[in-house]
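This is a predicted model, so every value here is computed, not measured. For the numbers below, each heavy atom of this structure counts, side chains included, while hydrogens, waters and symmetry mates do not. By convention in this document, chain letters (A, B, ...) are assigned in the order of the sequence lines, proteins followed by strands, and residues within each chain are numbered from 1.
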2 protein chains.
Amino acid sequence: MDSEIQFNELLQFFKAMADGNRLKIVGLLSQKPHTVEQLSILLGLGMSTTSHHLSNLAKAGLVEARTDGHYYLYSLRQDTLQEMSQRLLKQDTLPKLAVAVDEQAYDRKVLKTFTDEEGRIIAFPSQLKKYQVLLRYVVKAFEPGIHYPEKQVNDILSRFHDDTADLRRGLVEFKLMAREGGGGAYWRLED
Amino acid sequence: MDSEIQFNELLQFFKAMADGNRLKIVGLLSQKPHTVEQLSILLGLGMSTTSHHLSNLAKAGLVEARTDGHYYLYSLRQDTLQEMSQRLLKQDTLPKLAVAVDEQAYDRKVLKTFTDEEGRIIAFPSQLKKYQVLLRYVVKAFEPGIHYPEKQVNDILSRFHDDTADLRRGLVEFKLMAREGGGGAYWRLED
DNA sequence: AAATCATTTCTATAATTATCGAAATGTTAT
DNA sequence: ATAACATTTCGATAATTATAGAAATGATTT
């Protein structure tokens, strides 16, 4: 859903700007590009910390690095900042933020319909949207960052439904989990 | 300081918006006012938690409550949101964010690294920016408006480093000093 | 290829923030 | 006033985020 992207984009933007040191970085970069070392000295932070802040800002599309001879030069992407500010001024942006609420309510309703009290799946919905709701629910049983052998994946999935193969296939198909090479391990993907 | 207020106001604004549940609240309130209870049900949060989020938004001036019959009705202050977005679009807002930074910290750090207790240069930095810091430091030994013959220039520069030729060349190259004609005198330039 | 320098990633810890349940406060209607 | 109800504050815990130092990576020069 499009407004889902909107929501996450805006949230990431605000989170990126919601730190004093990152705000200062934005201010400094609005004047001219700086290297990581320069910024860390100006802010009185470790270089690794500064690097972390910069990658946070970069993920939100607010800064970019260009390699310049001996060092990297970070600069501000004014266009992203403008685009975000203007989006806030648009009439229809705010109401769309509430769509995420409806989605959630929708998810709850689907889960209530297709799972029992113990959280097991009663039946597979025929509607794709509802099927995906179930998959998002199931994938939460896996820790991000951990690699699970297929046997363990099946063990975990069997807590939700006997047709573990169907669930496994769905999780991979809709990119909630990934698989290593041929018969390798599975792991959970971020959003 | 005025820009100090600017900074904290903006930071508070971003912090207020940097939470998924608060963003959803803003979205919901942009459609119509809600009570704490309504919001907490829609978001699936405890009422105390919702109240906490609302007070956070209120502190940033983004929502306000008016008492209506039996309940409180929270509504969005669109004007604050507009004012903040527009501020981000203004040319001079961003540069001001850097005022909180100690601009001279960088120069001090470089000087500390590359000069000894007596102020002599220990080594020439490879980074151009740092080299320029040293040059700006050295050039202060010359009075503006006075013309120095090359011999005297070398005498003064030798207080900082034996390689006076390097320093002389750097000072001219980066337009901190200028030279008259062929073998004439040097003088300090104003930035 | 080795050496040097800037940056990033990793690992661990400190600080901040979100959350809930219970108790306290405030508001409206009787 | 008091009863009934909505909201806030308090106290404690869970989750997230900021931070630094060490090790790994990437890029440039010799």
*In whole angstrom, give the distance that lies between atom NZ of A:K15 and atom C1' of D:dT17.*
9 Å
*asked:* Does anything in residues 25-39 of chain A form a salt bridge (Lys or Arg N to Asp or Glu O under 4.0 Å)? List the pairs, not counting sequence neighbours.
replied: A:E37-B:K130
*Residues of residues 46-57 of chain B with any non-hydrogen atom less than 4.0 angstrom from an atom of DNA chain D: list those, numerically ordered, please.*
B:M47, B:S48, B:S51
*Test side-chain contact (heavy atoms from CB on, under 4.5 Å) applied to A:L157 - qualifying residues, sequence neighbours left out*: A:V138, A:F142, A:V153, A:T164, A:L167, A:R168, A:L171
*Can you run down the side chain to side chain donor-acceptor pair (under 3.5 Å) pairs that involve residues 137-150 of chain B, sequence neighbours left out, and say none if there aren't any?*
B:E150-B:R179, B:E150-B:Y186
*Report the residues that fulfil side-chain hydrogen bond (donor to acceptor under 3.5 Å, both in side chains) with A:Y72, sequence neighbours left out, ordered by chain and then residue number.*
none
*Footprint string (nucleotides 25-30 of chain D, 5' to 3'): B base within contact, S backbone only, - free, heavy atoms under 4.0 Å*: --SS--
*Would A:L11 and B:L42 show up in the same hydrophobic cluster when neighbours are defined by side-chain heavy atoms closer than 4.5 Å?*
yes
*For B:E173, what residues pass the side-chain hydrogen bond (donor to acceptor under 3.5 Å, both in side chains) criterion, not counting sequence neighbours?*
none
_Sequence-distant partners of B:S75, side-chain contact (heavy atoms from CB on, under 4.5 Å), two or more places apart_ = B:P33, B:E64
*Can you name the side-chain contact (heavy atoms from CB on, under 4.5 Å) partners of A:T49, sequence neighbours left out?*
A:L45, A:H53
*Which angle, rounded to 10°, do you find between the first-five-pair axis and the last-five-pair axis of the helix from C:dA1-D:dT30 to C:dT30-D:dA1?*
40°
Contacts table for residues 84-93 of chain A: side-chain donor-acceptor under 3.5 angstrom, sequence neighbours left out:
{"unit_1": "A:S85", "atom_1": "OG", "unit_2": "A:L81", "atom_2": "O", "d": "2.6"}
{"unit_1": "A:R87", "atom_1": "NE", "unit_2": "A:E83", "atom_2": "OE2", "d": "3.1"}
{"unit_1": "A:R87", "atom_1": "NH1", "unit_2": "A:Q6", "atom_2": "OE1", "d": "3.4"}
{"unit_1": "A:R87", "atom_1": "NH1", "unit_2": "A:E9", "atom_2": "OE1", "d": "2.7"}
{"unit_1": "A:R87", "atom_1": "NH2", "unit_2": "A:E9", "atom_2": "OE1", "d": "2.9"}
{"unit_1": "A:R87", "atom_1": "NH2", "unit_2": "A:E83", "atom_2": "OE2", "d": "2.5"}
{"unit_1": "A:T93", "atom_1": "OG1", "unit_2": "A:R87", "atom_2": "O", "d": "2.6"}

Every protein N/O lying under 3.5 Å from an N/O of nucleotides 11-15 of chain C:
none

*When the distance from CD of B:Q12 to P of C:dT17 is rounded to whole Å, what number comes out?*
11 Å
_D:dA18, OP1 or OP2 - any side-chain N/O from A:R22 closer than 4.0 Å?_
yes
_Whether A:R169 and A:D163 form a salt bridge (side-chain N of Lys/Arg under 4.0 Å from carboxylate O of Asp/Glu) is what I want to check._
no
